[in-house]
Amino acid sequence: MTLDIARIRKDFPILDQKVYNKPLIYFDSAASSQKPMQVLKKEEQLHLEYYGNIHRGAHFLADKATIEYEAVRDQLKAFINAPNREEIIFTKGTTESINLVAFSFGEAFIGEGDEIIVSEMEHHANIVPWQMVAGRKGAKIRVLPFEDNGRLMIEKLDELINPKTKLIAVAHVANTLGTINPVKQIIAKAHAAGVKVLVDGAQAVKHLPVDVQDMDTDFYVFSAHKMYGPNGVGVLYGRKELLEQMPPYQGGGEMISEVSFEKTIYNDLPYKFEAGTPHITGVVAFGEAIKYLENLGVAEVAEYEHKLLAYATKKLMEIPGMIIYGTQDEKSGVITFNIEGIHSFDISTMLDKMGVAVRSGRLCADTVMQHYNVTGTIRASFAVYNTFEEIDQFIAALKKLVMMLS
Ligand code: PMP
């Protein structure tokens, strides 16, 4: 099936506008994607028709909201092929999902002298929580490096993994380099040594079909706002037998089955990890985003975005002084670059004035910046609503500003 991009764009009214009197070109979907009307309408419908606090069973509105909220858990179970619905934990995003695992897995399984392997290409969200748990527990962070072309040196795992290693934290798709990491291979190596793995899927779920059982991962985390859903909602998939052994991350309502001053009994999964009132409307609208993506077809979307990426890469290479960070064939969604002799901030500011929204700076990935010894970069990232014409306009804008600035 070929995607009808003109029709898809109609679902995203925000794209149909001018900024600084220029047609908007939104190339920042890796930071946050725009939301289709279907998602926005669902959130509004819930607010207008049946908003109530969930899981209290108190009245009609609360019951209806609960049914819809829990249905999204089933949708997500199917979307990533999780074995059990109670392995899907709602959080406020990838960052919270990783912090939850770092804290709770850390409490249960990480001790003095243990080691956690983190790849060099991680977003800060998949580095700092591990540093925090390492600091608290007296554990050590070991780094899995990447080559200049953006390939993760997974063969180094043979040297890095030892009896002290407890967990490997790695991105499925790196937010700067776009590299699609061979997570299945990494997990197989880890499991052979009894090591657990957390895969950060924030940049992957919208671009690739994800199957947590086929991957055999222990934890998989992602955010709704990067996959056409609302912000403030995320997912932690965790293997049941691990989640059951991990203590709660936060205490409060919902995560308990009984409280007294003598003894509190925690609730079962998934509620043990969902303390307090969650982002009810966000979760329900997230269900609509998944439906939207599934109706388009994740594989079809991936194929289209791959064509956009290949086309943009080829065109960018025509610009003198172009440096692209991350040039793996197995790559998705983003192109991070610099142009020799021009500051990344100047490029992004001028692109903005020309209507092109890109990300610039350190991209929440200081270790990647340090690898290339740069203080900043520009990142263009694509989603299903972007077009080849937009890429042509982006390239024309870049060529113009290179003429002006160099
Ligand atoms: N990991 C990766 C790979 C990301 O790209 C991002 C978002 N930039 C995050 C984690 C953090 O996601 P969030 O801000 O939604 O928690």
Side-chain angles (χ1 to χ4, degrees), residues 26-35 39 76 80 89-103 118-132 144 146 150 152 168-181 183 186 197-208 210 217 219-237 249 273 278-279 282-283 285-286 289-290 305 309 325-326 328 330-336 357-369 371 376-383:
Y26 188 74
F27 281 173
D28 197 21
S29 296
S32 215
S33 57
Q34 300 298 348
K35 299 150 191 52
V39 169
L76 280 158
I80 60 168
I89 316 284
F90 288 116
T91 64
K92 69 181 166 75
T94 305
T95 303
E96 189 178 48
S97 299
I98 298 172
N99 275 277
L100 189 163
V101 177
F103 176 84
V118 177
S119 105
E120 190 191 5
M121 63 172 78
E122 297 310 303
H123 185 280
H124 295 157
N126 206 19
I127 299 176
V128 183
W130 302 112
Q131 289 176 325
M132 288 162 73
L144 178 63
F146 65 85
L152 197 58
I168 301 175
V170 64
H172 195 174
V173 172
N175 71 315
T176 42
L177 307 171
T179 311
I180 304 173
N181 285 317
V183 285
I186 295 171
V197 181
L198 176 137
V199 178
D200 175 354
Q203 294 296 343
V205 269
K206 147 176 106 194
H207 300 292
L208 313 169
V210 169
T217 187
F219 302 103
Y220 196 90
V221 297
F222 52 102
S223 301
H225 72 96
K226 293 188 197 283
M227 51 190 296
Y228 312 112
N231 62 315
V233 177
V235 173
L236 158 64
Y237 158 78
Y249 173 53
F273 290 110
H279 188 355
V283 168
F286 186 16
I290 295 160
E305 287 173 350
L309 188 71
Y325 305 101
Q328 290 294 282
E330 290 291 298
K331 185 175 168 176
S332 171
V334 302
I335 306 181
T336 297
V358 292
R359 174 87 195 265
S360 77
R362 286 143 55 201
L363 313 182
C364 293
D366 280 358
T367 58
V368 175
M369 301 299 127
H371 180 106
T377 55
I378 302 119
R379 181 182 70 189
S381 55
F382 309 113

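Each ligand, and each atom within it, is numbered from 1 in the order the structure gives. For the numbers below, each heavy atom of this structure counts, side chains included, while hydrogens, waters and symmetry mates do not.
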Practice problem: Give the intermediate values and the outcome of ring-ring contact (aromatic ring centres under 6.0 Å, His included) for residues Tyr237 and Phe219. | Solution: CA-CA 5 Å; Tyr237 158 78; Phe219 302 103; 8.0 Å; no

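Residues Leu236 and Phe273 form no side-chain contact, since every pair of their non-hydrogen atoms from C-beta on lies 4.5 Å or further apart. Two residues are said to be in side-chain contact when any heavy atoms from C-beta on lie closer than 4.5 Å; Asp200 and His172 fail this criterion. By the 4.5 Å heavy-atom criterion applied to side chains, Leu309 and Lys331 are counted as neighbours. For the pair Asp28 and Val358, the minimum side-chain heavy-atom distance is 4.5 Å or more. Looking only at side-chain heavy atoms (C-beta outward), Tyr325 and Thr377 come within less than 4.5 Å of each other.
Every atom of ligand 1 is numbered from 1 in the order shown, and the set under 4.0 Å from a heavy atom of Ser223 is 12 (O), 13 (P), 15 (O), 16 (O). Each of the following atoms of ligand 1 lies closer than 4.0 Å to a heavy atom of Asn175: 3 (C), 5 (O). Per-residue contacts place Gln203 under 4.0 angstrom from the following atoms of ligand 1 (heavy atoms of the residue considered): 3 (C), 4 (C), 5 (O). Here is the list of ligand 1 atoms found below 4.0 Å of a heavy atom in Thr95: 11 (C), 12 (O), 13 (P), 14 (O), 16 (O).
Ranking the protein heavy atoms by distance from atom 1 (N) of ligand 1 puts Asp200 OD2, 2.5 Å first. Looking only at protein heavy atoms, the nearest one to atom 12 (O) of ligand 1 is Thr94 CB, 3.5 Å.
Of all the heavy atoms of Ala202, the ones lying under 4.0 Å from any atom of ligand 1 belong exclusively to the side chain. Residue Lys226 touches ligand 1 through its side chain alone, judged by heavy-atom distances below 4.0 Å.
Using a non-hydrogen distance threshold of 4.0 Å, His225 registers as a contact of ligand 1.
Where the criterion is an N or O separation shorter than 3.5 Å, residue side chain and backbone included, His123 meets it with respect to ligand 1.
Side-chain atoms of Thr91 and Ser97 include a donor-acceptor pair closer than 3.5 Å.
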